[in-house]
Amino acid sequence: MSILINATTRVICQGITGAFGASHTKGCLHYGTKMVGGVTPGKGGTKDENGLPIFDTVAQAVKATGADATMIFVPPAFAADAILEAADAGIKTICCITEGVPVQDMIRVRALLDERNGTKVLSEARNGIMLIGPNCPGVITPGPKTGGGTGASDPYTNAGCKIGIMPGYIHTHVSQSKLGKSVGIVSRSGTLTYEAVWQTSNLGLGQSTCVGIGGDPVRGLDHIDCIRMFEADPQTHAILMIGEIGGSDEANAAAYIKANVKKPVAAFIAGRTAPPGRRMGHAGAIIGGADDTADAKIKALRAAGVEVALSPADMGRAMLKAMRLG
Amino acid sequence: MWEFLNGRAALSYTPRMRIYEYQGRDLLASYGVPVPAGQMIESIEAAAGAFKMVTAGQASPLAVVKAQVHAGGRGKAGFVKLVKTAAEAEAAARFMLSNRMKSPQTPPEGLEVKRLLIAQAVDIAARPGGGAEEFYLAVTTDRGTRRNILIASREGGVDIEQVAHDRPEAIAKVPLHPIAGLQPFQARDTAYRLGFAGKHAGQAADIMLKLARLFVEKDCTLAEINPLVITAGTGGAPGPVMAIDAKFSFDENAIFRHKDIAGMDDPGEQNPLERRAAKFGLNYIALDGSIGCLVNGAGLAMATMDVIKLHGGEPANFLDVGGGATEEAVTEAFSIILSDRAVKGVMVNIFGGIMKCDIIAQGIVNAATKFKNPDGSTGFKVPLVVRLEGTNVEAGRKLLEGARGSLPTLQAATDLTDAAKKVCAAVA
């Protein structure tokens, strides 16, 4: 089990004929994701290099392939429209990898998605549309390693799903983990997520699902949404949350954890040494007020009983400690 | 600025571009917001003419000369001056254009002033009960509610952060509908709450609506009028509501659809190394320490700074090479890091995803063979600690091992802690 996606998820790529879209569609196929097609307006009726059908619109793609998830790689100027097109076509899991989407576009997108979902809390919407990102690495539900991952005919796993740009092989399915436990990982950062995955894998843990929610100030899923889903997922034994400076998402998550979460939770907050007022790469990663600092977030998380790693090298160990395994 | 409003994280921050005061005035005027007559000048000679133009029709001419720089503290530094004659305007212009402005908000060497704004000095109506009729208006994005909000206060012209901190009730926050924007009834209601009456209430509401429309249409991250005033007028009757000073910043991610705003960018004010990095798609921020960092991914780059600090070192920079960096970009990244003379050691931390470890490794080797030291020799002299993991890691490690000859200071690290310990020991 997992959250958001699993081995049966049928995925299309919006922007499949672009350089990134094409190369990551291949990457997902090699991992074992059920990629079923792609969308590029004007290229409908053709096939990509992997033989996947290309459609002019998402609605056509959904009708022909039964896709229920999408991976968006279109340029930033068109990303908001691509998200709304996917939502309108009935796609439930929308993963927007595109970086650099204007904030005003995302304000409108979130308002329209919230209206459709009938709630402001994405994960509380029953059968709702889940937006992941933008500016994120994507989401992966690892499967057991069953192949070499060298091609679509020799995928890495026959029971996993990767939607995004993360290296698949660093993840571990619970059946192949030494300790037989799996953690759910949620993070605002890309490569820092890989670091956390790698550490947990090396320490003998598996991962149920890893969600990169992205580093933008207005986005789809927040930490709290993913934590709620992980808490409800029977195959997730513990939760690892990776945050950073800026915004109040982690503080909100801390309050939520304190009131609602029974599973062990560990966390790391990046940016303890970041100077105020400077944007550290991610649009959302800037210290504004006192609650924005890493230390304020760490304090709130500790008060909620979360095991906080102070060094990024200790994320895996903090998880073990929270699980009373280390 | 909004960074410390309420000491809270209520507001949103995005990559942003700032414009000068005179450009902000022009932007407001283009939306029909009344501003005092003003002119931007770039030479001492232009000052007298500008003074005459902006004070035309005034019974007793009075203008203000203001240095156009992206730093506060202008008044105390003598870079904002009231002038009564063309000769005084010229003297003020001479001082500001031939001296560097130094304030607590500028670098120690100060900022060069290239442009001045000469604007008509406007008399502000007295507020019944004391003080002047000065108000505060701003629109920004509240990331907590995912809405744009109008922020308004009866206490303008002063330090709004202090007001927000001491008396949050003195600040009105009005959410804008994400699709429909600010509605006229909301603006009117806010105007009355601020104490505007009669025709001034209508004028103030109109300005709020225009500011809100400007904010959304131009993809601002902040649109601020401070102060908004009721002018003193003539013959005892108060004059119209007017915006005296304005501040804007813009979402850099949306600049592609605003050629007019993009044209206002003045890269001259950016740190030269940061400017060079931006050309290569590198995200670089100069800091004060001695350990240069080269990392892929913003979160990992921040975490790398943290782990260095945890082991007693001080990072010299934040540098995210991004996901699609080429060998050339990596070579440039090294050159930028090592241009900072304070750098005594470099830590490379790469977790390959999109970025392949062998590309980084080749970039390191190229950089080392091409890098010229001040004494004319090539190669890195400073200690270099490299930690590679992820996509194509074996190929990357092999490349580095094979190039040991040109990388005499190279130390390979097995993990994050090992890398941080090694680089901190090397610069200690």
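What's counted below: heavy atoms across the whole structure, side chains too, no hydrogens, waters or symmetry copies. So that the names make sense, note that chain A is the first sequence line, chain B the second, and so on, each numbered from 1.
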Among [options], single out the residue with the greatest number of heavy-atom pairs under 4.5 Å to chain A.
{"options": "B:A419, B:A298, B:A254", "answer": "B:A298"}
{"options": "B:L310, B:I285, B:D320", "answer": "B:I285"}
{"options": "B:E314, B:H311, B:M305", "answer": "B:M305"}
{"options": "B:L416, B:T417, B:I179", "answer": "B:L416"}

Is [X] close to chain A through its backbone or its side chain, or both, or neither, when contacts mean heavy atoms under 4.5 Å?
{"X": "B:D415", "value": "neither"}
{"X": "B:I350", "value": "neither"}
{"X": "B:N296", "value": "both"}
{"X": "B:A301", "value": "neither"}

Legend entry - chain B contacts, top residue of A:P76, A:G100, A:A111 (heavy-atom pairs, under 4.5 Å): A:G100
Inset, instruction - Look at A:E195, A:Q199, A:R272, A:M166 and state which one has the largest set of heavy-atom pairs under 4.5 Å with chain B. - result: A:E195
Pick one of side chain, backbone, both or neither for [X], based on which atoms fall under 4.5 Å of a heavy atom in chain B.
{"X": "A:R108", "answer": "both"}
{"X": "A:D222", "answer": "side chain"}
{"X": "A:I165", "answer": "both"}
{"X": "A:I242", "answer": "neither"}

Inset, instruction - Please name the pair of heavy atoms, one in B:G353 and one in A:Y194, separated by the smallest distance, quoted to 0.1 Å. - result: CA-CE1, 3.9 Å
Legend entry - Test item: side-chain donor near acceptor, A:S189 and A:E244, under 3.5 Å: no
Inset, instruction - Would you tell me whether B:D306 and A:T273 have side-chain atoms, one donor and one acceptor, within less than 3.5 Å of each other? - result: yes
Legend entry - Point-to-point distance, once rounded to the nearest 0.5 Å, from NZ of B:K309 to CD1 of B:I291: 11.0 Å
Inset, instruction - Answer yes when A:K299 and A:D295 have at least one side-chain N-carboxylate O distance shorter than 4.0 Å, and no when they do not. - result: no
Legend entry - Ion pair check, B:R257 and B:E217, cut-off under 4.0 Å: no
Legend entry - Parallel, tilted or perpendicular: rings of A:W198 and A:Y169 (30°, 60°): perpendicular
Legend entry - Residue B:D288 excluded, over 12 heavy atoms near CG under 6.0 Å: no
Legend entry - A:F73 ring center within less than 6.0 Å of A:H24 ring center: yes
